[in-house]
Amino acid sequence: MNNYLAFIKDLEKLISIRSVKGERTPTAPFGEEIKLCLDTFLSIASSMGFDVINYNNHIGEVVFGNGKEVGIIGHLDVVPEGTGWNTDPYKLTLKDKTYYGRGLCDDKAPLLLCLYALKELKDSGLTVNKKFRLFAGCDEESGWGDVAYFNTIATFPEYGFSPDGNFPVSYAEKGMAEITFKLKAPTIMAGFIGGTVVNAVCAHAECKYLGKDINDIYSILEEHDLSKNGNVIISKGISAHGSTPHLGKNAILPLFKAVCKVEKNADFERAIEYLFFDKEKVSEIHSEQGHVTLSPNLLYQKNDCVYLTCDCRFPYPITISDLTPIFDKFNLEYTIKLRHGTQYVKKEGWLVDTLLKSYNKETGEKGSAISQSGSTFARAFKNGCAFGPEFVGEKSSIHEANEHVSEENLLKLYKIYKDAIFSLAKLN
């Protein structure tokens, strides 16, 4: 990298801003800190000689070149720092040749690397027959309000990539929906609650026993590895991402099993059969892009009904409409909230081919395009690919304490993004 020290100084500025979604103000739709981070990023780009556009502090754009449009989109907002850090999460720290900081991988460093690669292209004097439009989003972690706003006043390029996913290059992403099943509550237990977010396997669930003495059902609790605190029944599991429920242990299942041992409940029995033991074999439905997953992760009670919300992911070309006839067989009342349809870019097309060649050239690997279960900002483009920054086989620190990237990988990322941007610029 020609300007490594300048890059690190700019990265320090971005990491130092706690750009977690905050209270909306008249001029800061996602909070003052995110607005400050966007201002800082656009100021960096402007100082490089780029034209910049601030769309009312929802999203920023950096523009270079003329011709067929190519988009690049990342984000500046971050998840809260949480606990367990060994360094200040909002101070870029180099320790044992590894950088630490919240938002380092997700997504401040990759987005800034793309900006620096674009500057190198601008300074190269090469003839560019593309119009690059680099977007700095502000609400990727909390609902994509930035993208929604942008779509009301402007138009994204048709083709592009997001440096906020996995290598080698992701040409397809599963569709995502929330399926909420309504169950009749038992009479001897109440206050059902479990899970924290729909896209994470439930690691804690509980309910209250309404009988006279909870010790009367102690053997049932023991059989299902449940504990008690007063009249509260507690189930512990192991969390995992909602797209890979097999990697976790769902705390709701043993709680439901215990309920059915204590009291006959047809809805809970059907939930166990169909949502946990997959009686209709939903998980066997698949395409080249992967299998359908249905993970019951959120539990709550309202009046005499218990609601169980599932994270559902389905690969292209499967649609949620293809799955509803199967859900109907569960004989449980349900509602659907579609979050995203599937994302698919032609696997043998020029965009995937160019990005994949850049990755393989700079890593020496012979990687192939992949499909992924998660949802990335690549969906902002009709034909959008996720392109790094996570390398194959690398343990992710995204959203965790001590988020980090090695200095070696940081430089490798730059080489990959630079080669990709230069290659895209040269395409006819």
Side-chain angles (χ1 to χ4, degrees), residues 6-48 50-63 71-85 87-93 99-116 133-154 156 162-164 196-197 375-377 379-380 389 397-405:
F7 167 80
I8 292 299
K9 287 183 179 179
D10 286 336
L11 184 59
E12 284 177 343
K13 295 175 188 175
L14 297 177
I15 296 296
S16 70
I17 302 170
R18 188 179 183 273
S19 50
V20 175
K21 191 170 186 177
E23 184 178 350
R24 181 186 182 94
T25 72
T27 59
F30 309 116
E32 292 294 336
E33 290 296 296
I34 292 180
K35 176 181 179 295
L36 174 60
C37 202
L38 178 62
D39 287 341
T40 302
F41 184 85
L42 292 181
S43 177
I44 293 168
S46 181
S47 71
M48 293 176 172
F50 289 112
D51 293 330
V52 301
I53 307 169
N54 185 334
Y55 294 94
N56 295 319
N57 295 313
H58 286 77
I59 191 169
E61 181 178 353
V62 180
V63 184
I72 303 169
I73 186 168
H75 63 94
L76 298 169
D77 59 311
V78 300
V79 298
E81 62 278 9
T83 59
W85 285 79
T87 64
D88 183 342
Y90 299 107
K91 181 180 180 181
L92 183 65
T93 304
Y99 284 101
Y100 294 84
R102 172 56 87 223
L104 186 60
C105 303
D106 185 28
D107 187 32
K108 293 179 179 180
L111 182 60
L112 189 63
L113 286 170
C114 288
L115 178 65
Y116 264 77
R133 300 174 63 193
L134 184 147
F135 298 92
C138 296
D139 191 38
E140 192 271 349
E141 300 288 5
S142 305
W144 292 32
D146 46 2
V147 168
Y149 176 82
F150 181 87
N151 281 328
T152 66
I153 60 173
F156 283 110
S162 176
D164 192 21
T196 54
V197 290
S375 175
T376 76
F377 249 0
R379 293 174 186 263
S397 62
I398 289 174
H399 291 194
E400 297 183 0
N402 303 309
E403 183 176 347
H404 64 273
V405 61

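Bear in mind the structure is a predicted one, so any value in this text is a computation, not a measurement.
- Going from atom CZ of Arg18 over to atom CG of Leu36 covers 13.5 Å, rounded to the nearest 0.5 Å.
- Inter-residue side-chain proximity for Val405 and Pro389 is flagged as unmet; no heavy-atom pair is nearer than 4.5 Å.
- Side-chain contact between Leu134 and Leu111 is present, with heavy atoms from C-beta onward closer than 4.5 Å.
- Residues passing the ring-ring contact (aromatic ring centres under 6.0 Å, His included) test with Phe7 are Tyr116, sequence neighbours excluded.
- The backbone N or O of Thr27 sits less than 3.5 Å from a side-chain atom of Asn57, completing a donor-acceptor pair.
- Using a 4.5 Å heavy-atom cutoff, the side chains of Asn402 and Ser397 are not in contact.
- Ile44 and Ser47 make their closest contact through O-OG, 2.6 Å (heavy atoms, listed as atom of the first residue, atom of the second, distance).
- Here the NE2-CD1 distance, from His404 to Ile398, works out to 10.5 Å after rounding to the nearest 0.5 Å.
- In terms of the side-chain contact (heavy atoms from CB on, under 4.5 Å) criterion, residue partners of Asp139 (sequence neighbours excluded) are, by chain and number, Lys21, Phe30, Ser142, Asp146.
- For the ring-ring contact (aromatic ring centres under 6.0 Å, His included) test, no residue two or more places apart in sequence or in another chain qualifies with Tyr99.
- With Glu141 contributing its side chain and Val79 its backbone, the two residues share no donor-acceptor pair below 3.5 Å.
- Taking the six-membered ring for Trp, Phe135 and Phe377 have ring centres at least 6.0 Å apart.
- Scored by the ring-ring contact (aromatic ring centres under 6.0 Å, His included) test, Trp85 finds no partners at all (sequence neighbours excluded).
- The two residues Ala401 and Arg102 come nearest to each other via the heavy atoms N-NH2, 4.3 Å.
- Judged by distance alone, with hydrogens and angles left aside, the side-chain atoms of Lys108 form a donor-acceptor pair with the main-chain N or O of Leu14 at under 3.5 Å.
- The side-chain heavy atoms of Ser375 and Trp144, taken from C-beta on, include a pair separated by under 4.5 Å.
- Across all their heavy atoms, Gly103 and Ile15 have their closest contact at C-CD1, 4.1 Å.
- Applying the side chain to side chain donor-acceptor pair (under 3.5 Å) criterion to Asp77, with sequence neighbours excluded, gives His75.
- When the ring-ring contact (aromatic ring centres under 6.0 Å, His included) test is applied to Tyr55, the partners found at least two apart in sequence or on another chain are Phe150.
- Residues Leu38 and Ile59 come closest through the heavy atom pair CD2-C, 4.2 Å.
- Judged by distance alone, the side chain of Ser19 and the main-chain N or O of Glu33 form no donor-acceptor pair under 3.5 Å.
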